[in-house]
Structure formats: structure tokens, C-alpha cells
2 protein chains.
Amino acid sequence: MGIGTVSRVFNGHPNVTKATREKVLAVAKRLNYQPHVYAQGLARQRTNTFAAIIPFFTNYFFIEVLQGVQEKISSIGFDLILHGINHPDEIDESLRRSSRRGRVDGILFFSMRLPDTFAKKWKDLELPIVLVDTFHEAFDSITVENFQGAQTATEHLISLGHKNIGMITANIKSDPASIRLEGFRAALKKHNMEVNEKNIIVSDVTKLDGFSRDAGYLAMKEMLKLGPQLPSAIFISSDVQAIGAISALREKGLRVPDDVAIVSFDDIELAQHFGLTTMRQPMHRMGELAVDQMLKRKENPSALPVQMRFMPELVVRQSCGAKKISPHIEDYVHYTAPQDERTGNENTLSTR
Amino acid sequence: MGIGTVSRVFNGHPNVTKATREKVLAVAKRLNYQPHVYAQGLARQRTNTFAAIIPFFTNYFFIEVLQGVQEKISSIGFDLILHGINHPDEIDESLRRSSRRGRVDGILFFSMRLPDTFAKKWKDLELPIVLVDTFHEAFDSITVENFQGAQTATEHLISLGHKNIGMITANIKSDPASIRLEGFRAALKKHNMEVNEKNIIVSDVTKLDGFSRDAGYLAMKEMLKLGPQLPSAIFISSDVQAIGAISALREKGLRVPDDVAIVSFDDIELAQHFGLTTMRQPMHRMGELAVDQMLKRKENPSALPVQMRFMPELVVRQSCGAKKISPHIEDYVHYTAPQDERTGNENTLSTR
DNA sequence: CTACCTTGTGGAAGCCCTTCCAATAATAAA
DNA sequence: TTTATTATTGGAAGGGCTTCCACAAGGTAG
């Protein structure tokens, strides 16, 4: 049996007699033979592996996207190398590691601003990259219409008759946060309502760019200082923040949606549990699509960058007050204020 | 410049003159040269890569462990190949893929029972494997004292004076669930209390082995049928279940901890938010240790299997009633019953 | 029975490193 | 200055595949 023949058998090439094929397979089984992955990779000049660079997924949004990615990647028989980013410095490092010649066949880059230095020198590199939940004109990207989404969310509150509407947004340095804020403003303007700057609380929390429960809690604390002028409805830039914000409201004895109506963004799994009205992002789907796009890009490396944008969908639950619900039930416990025991890791991370 | 010299420079071998080193480096930079990862792997016969096989991390427990793993792996300059398992069938497939010759240098296997077929043929394979949150005598493992932990949790409730104590447990097919149940029983016996079988609700949910909010919700619904004999205190086998269970209680107008005291298990991030008294597992740390153990195992492949067991720690918050809290506040919303909109993925998965 | 296609098979070359050994250069000792 | 050491350097061999080319074998048509 020639060495080439064996290769042909294992790779399902057509020109092999059934007899030889079986003979090869038999011997292979007896010897417990398996092709050496790296040797194949070296010879074929590809790895069948993608890297995913993700700001660490303590944030539920990423978990769901990552799940989509991972399932899709497995289904096509590829492997996924995971780079969790906890600190902005790690971005460069991860990109560099992933770009090492022969390491992976492509990179999925999530939710973080692609460093300009990389954006430039990337075009030389033949390595495809797909951006998810972030944008760069030079590369394929899959994003959500944050502007439109925020507008829709806000308009929902307007349509419920609210006149005094506020917003709590995550750290403005993050694209999604700032764009959602713009959408909020646009909605009010569109309906000839004045934008009261005091009604806008911008989180200055740096951890997770303010997309966290703690940040939401603190922001609402801040907003509560408005006292009687407290908005009757608030758009909050993410579900996790909304959960924190609700805790702050509870502490003051304020009820959602009766005293304050809330619409948030993301529709993470918990949103359902908390009865949050929110803008649903097809997270799982976005993960899958990212992989699909990666494959397409590999087939046609020179095509123009593709930009997919999803329209988030309004999911009406209870927190906005549109759906009336059964009698209120007493809550059982206070939210213990942030940092009570878990050590607050103050790494800043520019992310979603 | 000889080819060997270049290699020496890139690998930091000592015997290279400063002059040559710099010359090589200069040329390398000019040519934008990088060693080819797979070629290195082939020549060195190692990949600097570990695989992690994890039941999919919609479950917060895994996220936290995975984070520990990922950080540690990056810190030693290795790569992590992630295999998320959604269906039991995928376990074999993942193990097989990871075991392919030259694919990875080691496998971290999480929370699932290692298939016997693999356990056997593994010893031939030179590939190290470390088990986390699961056990097999033949391999290194890092687990938590589920028995002791459950016992401690139960004793805490006993010490608070409860006489009628119940337990809600996840699917008994899962090791942690069944062991925690045993610990519960042992605690009662130790204190000469009778074990009332009606007070034990065993979840028959298969998805995530019943370690889910829905399962907890349903189990509590079931338990509520006890009516006036409802236990005054309940030990629940995980935090997520406890959260679901609390929702069910709320629906009935019952308050935690006043009407029912609760202690659960895991101490996921959300536990704090919900004020759950729970048994803390050092999840992040377990992830790191798994990697450490992997490295040790590689240094000394023939050492006897190491079994590390952590003692979970009781974290007292509000749900057990030991800490009295400020006046109750009305809750704002019902828990919308399971499966209201998210399509219930009914894959069964034998996991934690 | 030839001449000409197919189809299948063996193996060299190439993928890109690391590692080892031999050769050379530099240095120290005599 | 010569010899014995030691520090560098070059490059062949080897790691395990894929791919391509040449050749053999089997078929078909003339």
C-alpha cells in the first residue's frame, strides 16, 4: 500500500478501489492509526480552526453569541480556539497570537473596537476576520441596529403615554452605548418631545464598559436624586443594567412598572425571568452567521466587505406596563449593594 | 545564516551571539517572518494547546469555571480549544476529536460522567486528561465535597431551628445531585430527625439534568402541593433552581425567608443578587487548578492519579433567614412560567 | 492483436520547523 | 605560537502528511 493511497482513502478521494480502501481501513484499525492533525495542517496549509476573540463572557450576551458560534463551528467539523479578553491590553496579544502563521484559518472578533494598528496591517495578511457586534468598514461585520432599536424602545414608552422619559446608558466610550443614546434622543425629537439632559444618566463605570448590574444599580441611584421629577419611564441600555436599576428602585420602595416603566436592550435569558420588556438581539443566530460569513469569505477572499445588520425586535413583557399583570407580591429581599463581597475587579475593558 | 541558527534565535536558545541574534531578528522583521505554528508543532511533537470539553455553559457554573481555565491557559501561552456539549452524543465525538493524534496536549473534561468506553482505552493513549467536577478513579480530578457541602447546608437550616426541612434536587442521574441528596439525608439523620420522603422533590427534568431555573420552578410547584405541610426550610441543589423555586413561591404569595427559608448550592454570581444563602464552590479557582494539574501531569505522566476535593463554604445571605433584613418591598412582576416563549430545547444532557 | 484511454497505485517532493551532529571560530591555557 | 577547550554555526535528518507526476493495469475500439 503506497503512502499516497492511504492518504486518498482517508480523505475520501474518488480514485480508490473498494477493495484497497477496505484493506487500508482494516490495517488502519488494527494499527489504531489516525492521521496527525498538525501534519495534515502543515501539508494542506490550513488548520480547520477559527479563533474567537471575545470580551470575557461574564456578560450573558456573549455566552449566547458564543454558543451560536461554537455550535456552528463544530457542525462543520472545525475547532474553535477561544480567547477571552479581560483587559484591553490582551486584545493586541490575542490578535497577534491568532495571526501567527498557520495558527487558525480565520478570526471572529467580538464587540470590541478593532485596534487601528491592526486594521491597517490586516489587509496584507491573507487571514480573514469577521466582526460581530462591532464595526469596521474594511471588514465583514454582523451588527445590530442599535440606533433603530433604541428608537423603537423609546417610542414604545412614548406610545404608552409617558411624557417624562429618561435613559440610563452604559459607558459612552462603547459604541453600542453611545449609539443607543443617540437613538433615544432621536425618538424624543421625532415626537417633538424635549430631551431633558438631567434625565440621562451616563454610567462612568469602566468595568465591562458599564454593561453590568452594578453599573445599572449605581446609575439608578443617581437618577433617584431627581426626586419628584423622576421620569415615569426609563430606557436602559442593557438588560443587566436594568436588573441592577430595578434593585435600586425597589430599595426606594418604587415599583416597576407602576411607578417607573422600563424598557431595556438585549433580551438575555434572564430578561424573561425578570419580566423585562426589551429589544431582542438574535444573539445565537448572530454567532452562527458569523461563522457562515467566515466560510464565505474564505471562498471568496477578494469580495467586498459584507455588512449585515439585524433589526432588534421589541419583546413586550411586564416591565413597561403595557401588559397588566396579576397582583403584586412582596419581594423577599433587598439587593445587597455592589461590591459587598465579591472583590471588584477594576480592570477596564472597552467592550459592549 | 543557517536555518538552525534562526530556529535557535526564535526559541531563545543560549548559544547564539548577540550579533547574530540581532541580525536574524532584523531580517525576520524585514521579511515579516513568523514561525509556522503547525510546523513547530509537528517538529516538536506538541501543540501547546489544551481542549476543554464542557457541557454547554448556559449554566453559570461553567462560565465561571471556564473563565478560570481560560485565563490560566492564556497566561502560560497555551491555546484553548473549546468543545461545548449540548447533547450527550457529542461527548464521544468531542473526545474523539480531541484525542486525534497531535491535536492537543491534554484534555480538560467537565462535569460529565466520563464514558466507560473511553476510560478504558485511555490508559493506552499517552494523552493526559483532567476531570473537573466529576470523578473517575483512574484520572486526575478536581471536585467539590458535595456530600459534606449538602450536609453543612442542611445543618445550617437545622441550627436555625427548623423542624420540617425539605429538599429539591436536580435530576438524580447526575452525580452532584444524587450526592447532595445523600448529604441532606445524612444531616437529618445525624440530628435524629426523620427524613420525610414527601419533602424530597427529585426533578425529572432532563435538560441540563434539572440544574435549571425551570426545573426549580416546577419542583417547587410540586412541593407546594404539600399545602400546610410545606417545609419551613428547603435545601435546593443549585442556585439556579433556587431562583426558579422562589418564583414559584412568590406566585403563591409565600415569602422567603419568612415563610420558607432556603439554602442552595454553587454561589454563582447571581446568588448575591438574589440574596441566596448558598454553598460556595470556588469555581474560578477550580478552573485554574485544573490547568495546573494538567501541567503537572504532563511533567510526570506516570504519577498516581491526583484527586483534589474542595470543601464548599457556607455563604450566609438573606434567603435562609439568619440575617434579618429591612422591610419587605413589593415585588414588581410575576415570573412568567417556563417555556413561555423561548423554545424549549429538549435535548437531554447528562451533566451537572 | 494493436493502439489508445481510463482508472488506480506508488512514491518523490514539498509543507516548515526542531534537533542533533559535525565543522568552524573564538578563546584560554601552555 | 601551538594546542586544548569551549562557544557558535550550518545543515542533514526527521516529524507526518498532501499532492502531483509517472507508471502499471485493465478496457475499449479498430
Side-chain angles (χ1 to χ4, degrees), chain A residues 1-49 77-79 81 96-106 124-127 298-299 301, chain B residues 1-49 77-79 81 96-106 124-127 298:
Chain A
M1 285 185 313
I3 141 180
T5 305
V6 175
S7 175
R8 261 165 251 134
V9 168
F10 272 84
N11 294 295
H13 282 236
N15 289 349
V16 187
T17 340
K18 197 168 180 185
T20 12
R21 160 170 281 105
E22 277 162 7
K23 208 187 309 174
V24 170
L25 256 23
V27 175
K29 177 171 291 176
R30 183 155 53 75
L31 268 45
N32 215 312
Y33 169 84
Q34 290 180 307
H36 185 116
V37 179
Y38 271 36
Q40 288 182 309
L42 183 56
R44 292 182 177 142
Q45 294 292 80
R46 56 198 171 73
T47 63
N48 281 25
T49 302
F78 273 52
D79 280 328
I81 289 190
R96 213 169 306 123
R97 285 180 62 83
S98 306
S99 313
R100 300 226 292 134
R101 209 157 39 109
R103 188 66 197 107
V104 298
D105 295 345
D124 317 337
L125 227 47
E126 76 303 342
L127 195 63
K298 287 187 34 157
E299 273 183 11
Chain B
M1 285 183 312
I3 141 180
T5 306
V6 175
S7 175
R8 260 165 252 136
V9 168
F10 272 83
N11 294 295
H13 281 237
N15 291 347
V16 187
T17 342
K18 197 167 180 186
T20 15
R21 160 169 281 106
E22 276 162 7
K23 209 189 305 174
V24 170
L25 255 22
V27 176
K29 176 170 291 175
R30 185 155 50 75
L31 267 46
N32 215 312
Y33 169 84
Q34 292 179 305
H36 186 115
V37 179
Y38 271 36
Q40 288 181 309
L42 183 57
R44 291 182 180 145
Q45 295 291 78
R46 56 197 172 73
T47 63
N48 281 24
T49 302
F78 272 52
D79 280 328
I81 290 191
R96 213 169 306 122
R97 285 179 61 82
S98 306
S99 316
R100 300 226 293 134
R101 209 155 42 106
R103 187 69 199 101
V104 298
D105 295 344
D124 316 339
L125 229 48
E126 75 306 339
L127 196 62
K298 287 187 33 158

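In what follows, every heavy atom counts, from backbone to side chain, and hydrogens, waters and symmetry copies are set aside. Proteins get letters first, then strands, A, B, ... in listed order; numbering begins at 1 in each.
Between the CG atom of Asn15(A) and the P atom of dG27(D) there is a distance of 15 Å, given to the nearest Å. For the pair Lys23(B) NZ and dG10(D) C1', the computed distance is 13 Å after rounding to whole Å.
Residues Leu42(B) and Ala39(A) share a closest heavy-atom pair of CD1-CB, 3.8 Å. Here the closest heavy-atom approach between residue Arg97(B) and residue Gly77(A) is recorded as NH2-O, 2.9 Å. Nearest heavy atom pair, residue Val9(A) against residue Arg21(A), reads CG2-CA, 3.9 Å. Of all heavy-atom pairs spanning Leu127(B) and Gly106(B), the tightest one is CD1-N, 3.8 Å.
Between dT9(D) and Thr20(B), a contact under 4.0 Å exists linking OP1 or OP2 to a side-chain N or O. A sub-4.0 Å separation between OP1 or OP2 of dT9(D) and a side-chain N or O of Thr5(B) is absent.
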For nucleotides 16-26 of chain D, just jot down a letter per nucleotide in 5' to 3' order: B, S or -, based on protein non-hydrogen atoms under 4.0 Å.
BBBBB------
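Applying the side-chain hydrogen bond (donor to acceptor under 3.5 Å, both in side chains) test to residues at least two apart or on different chains, none of the pairs has a partner in residues 28-38 of chain B.
In this structure, CG in Asn11(B) is found 6.5 Å from CD in Gln40(B), a value given to the nearest 0.5 Å.
Contact footprint of chain A on DNA chain C: nucleotides with an atom under 4.0 Å from a non-hydrogen protein atom, first to last in 5' to 3' order, dG8(C) to dC17(C).
Listed for the Arg103(B) side chain is no donor-acceptor partner under 3.5 Å among the backbone atoms of Arg96(B).
Of the residues listed (Asp79(A), Asn48(A), Thr49(A)), the one engaging Val104(A) in a side chain to side chain contact (heavy atoms under 4.5 Å, CB included) is Thr49(A), and it is the only one.
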